Amino acid sequence: MMQQKVAIFGWHSDISHGRVAGKRKLALVLQLTYPNTYDGGDLKIMSGAHILSASRAQGSISVFPSIVLHQVTPIKRGIRRSLTVWAHGPAFR
């Protein structure tokens with residue numbers, strides 16, 4: 001049986017470093033996998049004092065400011081696939 005490496009993303013923001021530092025404005029996450037084919041792998045978004053759970057429905061899109069803390073919980077079963085895109089803009093001042 002082949003083992004798969006699972007990327008686990010703890011709390012982080014998507015503010016970039018280097019040449020594009022401060023230019024990522026929005027993060028967009030598109031859920032590609034049917035939700036009943038995996039356990040765990042929940043996208044959590046920290047909105048102020050609240051933690052929101054993004055929709056797990058295939059085709060759902062979550063958009064949030066790139067500076068907001070978020071994480072993906074460990075995957076316990078199956079494979080979770082998603083597409084992440086960032087919208088860029090002028091550097092923060």
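As the structure is a prediction and not an experimental result, all values here were calculated from the model.
The line from CZ of Arg24 to NE2 of His88 is 5.5 Å long, rounded to the nearest 0.5 Å. Expressed to the nearest 0.5 Å, how far CG of Leu83 lies from CG of Leu32 amounts to 6.0 Å.
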Which donor-acceptor pairs under 3.5 Å do side chains of residues 43-52 form with protein atoms, sequence neighbours excluded?
| from | atom 1 | to | atom 2 | distance (Å) |
| --- | --- | --- | --- | --- |
| Lys44 | NZ | Ser53 | OG | 2.7 |

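Between the side chain of Lys25 and the backbone N or O of Ile67 there is no donor-acceptor pair closer than 3.5 Å. The closest donor-acceptor contact from the side chain of Thr73 to the backbone of Asp42 lies under 3.5 Å. Between the side chain of His70 and the backbone N or O of His12 there is at least one donor-acceptor pair closer than 3.5 Å.
Scanning for side-chain hydrogen bond (donor to acceptor under 3.5 Å, both in side chains) contacts around Ser13 gives an empty result, with sequence neighbours left out. Here Arg81 pairs with nothing under the side-chain hydrogen bond (donor to acceptor under 3.5 Å, both in side chains) rule; sequence neighbours left out.
Minimum heavy-atom separation, Gln58 to Thr33: CB-O, 3.8 Å. The minimum heavy-atom distance between Ser55 and Ser60, with the atom names listed, is O-OG, 3.2 Å. Pairing each heavy atom of Asp14 with each of Trp86, the nearest pair is OD2-NE1, 3.0 Å.
A salt bridge (Lys or Arg N to Asp or Glu O under 4.0 Å) with Asp39 holds for exactly one of Arg56, Lys76, Arg77; it is Arg77.
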Arg80 vs Val72, side-chain contact (heavy atoms from CB on, under 4.5 Å): CA-CA, chis, key distance, verdict:
CA-CA 10 Å; Arg80 173 191 180 263; Val72 175; 4.0 Å; yes
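No side-chain heavy atom of Leu26 sits less than 4.5 Å from a side-chain heavy atom of Phe64.
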